[in-house]
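Here is the structure we will look at, set down as structure tokens.
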4 protein chains.
Amino acid sequence: MEPNPTFLNLPEEKKRRIEKAAADEFSDNGYRSASINTIVSKVGIAKGSIFQYFGDKKGLFLFIFGQSVDKVKNYLKEVRDATTEAPLHLRLEETLKAGVDFTQKHPVIYRLYVRTLAEKEIPFRAEILTSIRNYSLEYLRSLLDTAREKGELRDGVNIDVACFVIDASMDRFLQALTLPHMDGGLGIHNADEKELEIKIKHLCDSLLSGVTP
Amino acid sequence: MEPNPTFLNLPEEKKRRIEKAAADEFSDNGYRSASINTIVSKVGIAKGSIFQYFGDKKGLFLFIFGQSVDKVKNYLKEVRDATTEAPLHLRLEETLKAGVDFTQKHPVIYRLYVRTLAEKEIPFRAEILTSIRNYSLEYLRSLLDTAREKGELRDGVNIDVACFVIDASMDRFLQALTLPHMDGGLGIHNADEKELEIKIKHLCDSLLSGVTP
Amino acid sequence: MEPNPTFLNLPEEKKRRIEKAAADEFSDNGYRSASINTIVSKVGIAKGSIFQYFGDKKGLFLFIFGQSVDKVKNYLKEVRDATTEAPLHLRLEETLKAGVDFTQKHPVIYRLYVRTLAEKEIPFRAEILTSIRNYSLEYLRSLLDTAREKGELRDGVNIDVACFVIDASMDRFLQALTLPHMDGGLGIHNADEKELEIKIKHLCDSLLSGVTP
Amino acid sequence: MEPNPTFLNLPEEKKRRIEKAAADEFSDNGYRSASINTIVSKVGIAKGSIFQYFGDKKGLFLFIFGQSVDKVKNYLKEVRDATTEAPLHLRLEETLKAGVDFTQKHPVIYRLYVRTLAEKEIPFRAEILTSIRNYSLEYLRSLLDTAREKGELRDGVNIDVACFVIDASMDRFLQALTLPHMDGGLGIHNADEKELEIKIKHLCDSLLSGVTP
DNA sequence: CATGAATGAGAGTTCATTCAT
DNA sequence: GATGAATGAACTCTCATTCAT
């Protein structure tokens, strides 16, 4: 997971160029089809350097992926801590807004995650994904638990299932930002900021209220 | 999209062996990493034959994928037509049951779909996925439209958003069947038939009723 | 050990060119340092073909080496069968002459053997070498056993040790033919046929009579 | 052949660690396959230092090999000088014992020698090996010449040939110590000290007496 | 003087595709 | 129509060597 100190001591700008090129390549092509040739020629360094920094392709991938996960976690943590007093409705909205914000700032990271979902022979794939999903669910569960304590939930709500639904819907919402074909008629892809805010509100409404009388 | 007539005139049994081997390979390895070598050696035919039948790797993939999509569509159509009179709650349950049933009978097809979600250089990937998602949403929308006409929906429900939530949740539910790390605490993966039925009911409850009072 | 039938069905001339180039390369450079690039560019075939024929570098080496061993064994067998009635002295001479003959006709094979002696990571190296040495010793032992039965040996001779000495000396004699620095003052390297015959006679004399009165 | 003075001025302990690591690597892998990376990381010095000390890989090898040859020569010289008065039989035994002793104390050096025998592109390989063999033969020749003067030899003995046989047999005996497959039924490999002493005696008996009446 | 980052040629191997039989 | 041998580009990874610090 940790690159060679050589890499860490590189000038910030060079490090970022390498990280960006690698993240781009992996998120565009998945693990196995990603080409180190492409990465190095984009960055303009020698092929050998990548292997000096990260040992092998697997090491490079784990580093890039780990970095991305850390970025997401920090982002979510900030949101949770900034909204502890707010009602559930608002907290969900803020969470999703933060997700949108993050996905727009780092579209590559989201694609990288989606890629990893779907590829079989990725190193430590199972462990990686389990940890991500668990993190996401625990985050939502802490929101719902707080809401229940505050009496914001209807009696008889199954919190596990509710988390599942919210997680899936938010995940898909974010996918739609990056992948046009996941948009599903909502017009999420290519919506401007104002429109997105409205769509987020609608989604959270629907998640909280359901569809039946 | 259409294979060479030579292929279509092959004995049924041989055709099926080729289709199965190809679907297995693509769903295990994605598009680019799938190996035609592996396919032909599994089937026991000459490598050149594949190229005679399908032109190139892309042609083979499109044929296999198209076949799978057709199977799904037929399955869903049957469910819709068999439950037109039932209440929304039941129709959703039956739809999800049918999805589970299909995924269990044809696990390869589901993996093939998930793979395609995530790979960039798949031929006509965008078109393929858009058509699938649209089909799925239209299917759900026809269910909800009928429900609204029957007065089963709460006033002010945004049907587009509701479809989006239901589609995302059902999709994730089916993913959890095949990929353990998408299970998310619900215990879907490895559940027996009876347990699955209960989970399906809970999910549909949650989707219809929301979480707030 | 067995190459792909594809290789076996090649025109004799092409097969021989491949075998020769590979044997040359291995005997010049050992296993690990031998370059498949060099082999294919010498033969003028595509790199992929070698891997089609032999699977991998290891497979190529085992085939080439096995072929060489077979050639040696056949040669020795002929000599033994052609001299069963002759006295020990003559049989040793004929054996060595045959060895010289073989080494001159196939200098590459001898170098290949010497190479294998000295390299560590050769596939199945231990098994290969044990089998060769055992074959050689058994051959000599059968000669000495026959001689003992015929009363040609001095009482109290330790046959194991005698075989060891003869084997080592003959081995070195043959090495000297190919490697000038093993010549050791005898002038074996670059000797003409007539001179070699005399040297062979001297060596066998010495082996049979020792040096003390 | 001579390293940079910088190396010679290094602390003894560091010098020895470098020499040991290099000798290990060359004797394990031969010349071309030996990795300077491995050497420096074992010793814990910078890669550049090796090139500062020895110029290039070739310089390092020549230095290490030369050192080893010197060690062997010193060893043999001691034996010769310590046994000038003894009969030939004893002197040969002592020589072989010394060889065994040396091989057991410095197994790396012997492997290094065997490696060099077999590799083509070693720098100055021919010159190196010729000098070694010549030294060995001259050593034996001085023993046999002394013996002849003392009347220990049978009339008509060809001293060149005798040296050749003795040299080859002793060489093989020592090889058998390190390489199990050269053992040839004598059980040299893994023999304890006492057994070895007996085997040495038998070998020298055989060398001196031959096999015929 | 020591360092170790950078280099790029070359290693073995895989693979979709072509085409003569 | 079926075959499978041949191809060569692309892959990951290793390595001796250089040189700025």
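Naming convention: chains lettered A, B, ... in sequence-line order (proteins, then strands); numbering from 1 in each chain. Only this structure's heavy atoms are used, side chains among them; waters, hydrogens and symmetry mates stay out.
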Checklist outcome for this item: With a 4.0 Å cut-off (strictly under) to non-hydrogen atoms of chain A, the first and last hit nts on DNA chain F, 5' to 3', are F/dC11 to F/dT14

Checklist entry - Using 30° and 60° as the class limits, which term best fits the ring planes of D/Y53 and D/F7: parallel, tilted or perpendicular? => result tilted

Checklist entry - Base, sugar-phosphate, or nothing for B/S49, non-hydrogen atoms under 4.0 angstrom? => result base

Checklist entry - Does E/dC15 have OP1 or OP2 sitting under 4.0 Å from an N or O in the side chain of A/R32? => result yes

Next on the checklist: I want to verify a distance call: between E/dG12, E/dC1, E/dT3, whose nearest atom is closest to the C/K57 side chain?
Outcome noted: E/dG12

Next on the checklist: Does D/I39 reach a base, just sugar-phosphate, or nothing at all? Heavy atoms under 4.0 Å.
Outcome noted: nothing

Checklist entry - According to the interplanar angle, ranging from 0 to 90°, do the rings of D/Y110 and D/Y113 count as parallel (below 30°), tilted (30 to 60°) or perpendicular (above 60°)? => result perpendicular

Item to check | Contact under 4.0 Å: C/N37 side-chain N or O vs E/dG10 OP1/OP2 | outcome: no

Checklist entry - Are the side chain of D/S49 and the backbone N or O of D/I45 linked by a donor-acceptor pair below 3.5 Å? => result no

Checklist entry - Using a cut-off of 4.0 Å on non-hydrogen atoms, how would the nucleic acid contact of B/Y53 be classed: base, sugar-phosphate, or nothing? => result sugar-phosphate

Next on the checklist: Checking the side chain of A/E25 only, and the main-chain atoms of A/S35 only, is there a donor and an acceptor separated by less than 3.5 Å?
Outcome noted: yes

Checklist entry - Minimum heavy-atom separation for D/R111 to D/S27, with atom names? => result NH2-OG, 3.5 Å

Checklist entry - Is A/K15 paired with A/E12 through a side-chain N to carboxylate O contact shorter than 4.0 Å? => result yes

Checklist entry - With a 4.5 Å heavy-atom cut-off, do C/I128 and C/F65 have their side chains touching? => result yes

Item to check | Nearest-Å distance for atom pair CD1/P, residues D/I45 and E/dT3 | outcome: 7 Å

Checklist entry - How do B/S35 and A/T6 order along DNA chain E: which one's closest nucleotide is nearer the 5' end? => result A/T6

Item to check | Length of the CZ-P vector between C/F61 and E/dT13, whole Å | outcome: 14 Å

Checklist entry - Yes or no on side-chain contact (heavy atoms from CB on, under 4.5 Å) for C/K57 and C/F51, after CA distance, side-chain angles and deciding distance? => result CA-CA 8 Å; C/K57 193 184 188 182; C/F51 291 89; 5.5 Å; no

Checklist outcome for this item: The dot-bracket string of DNA chain F, counting Watson-Crick and G-U wobble pairs with both distances under 3.5 Å, using [ ] for crossing pairs and | for pairs to another strand, is .||||||||||||||||||||

Checklist entry - In whole angstroms, how far is the C1' atom of E/dA16 from the CD atom of B/Q52? => result 16 Å

Item to check | Which residue lies more 5' along DNA chain E, comparing A/G44 with D/G48 via nearest heavy atoms | outcome: D/G48

Next on the checklist: Atom NZ of residue position C/K71 - does it have more than 12 heavy atoms of other residues, nucleotides or ligands inside 6.0 Å?
Outcome noted: yes

Checklist entry - Does atom NZ of C/K20 have more than 12 heavy-atom neighbours from other groups under 6.0 Å away? => result no

Next on the checklist: Students often get this wrong, so: under 4.0 angstrom with heavy atoms, is C/D56 touching a base, only sugar-phosphate, or nothing?
Outcome noted: sugar-phosphate

Item to check | For atom CZ of C/F51 and atom C1' of E/dC15, their distance in whole Å | outcome: 13 Å

Checklist entry - Contact class for C/K14 vs. all strands (heavy atom < 4.0 Å): base, sugar-phosphate, or nothing? => result sugar-phosphate

Item to check | Nearest-nucleotide 5' precedence on DNA chain F, C/P5 against A/T38 | outcome: C/P5

Checklist entry - With sugar-phosphate meaning primed atoms plus P, OP1 and OP2, does A/I50 contact a base, only sugar-phosphate, or nothing at under 4.0 Å between heavy atoms? => result nothing

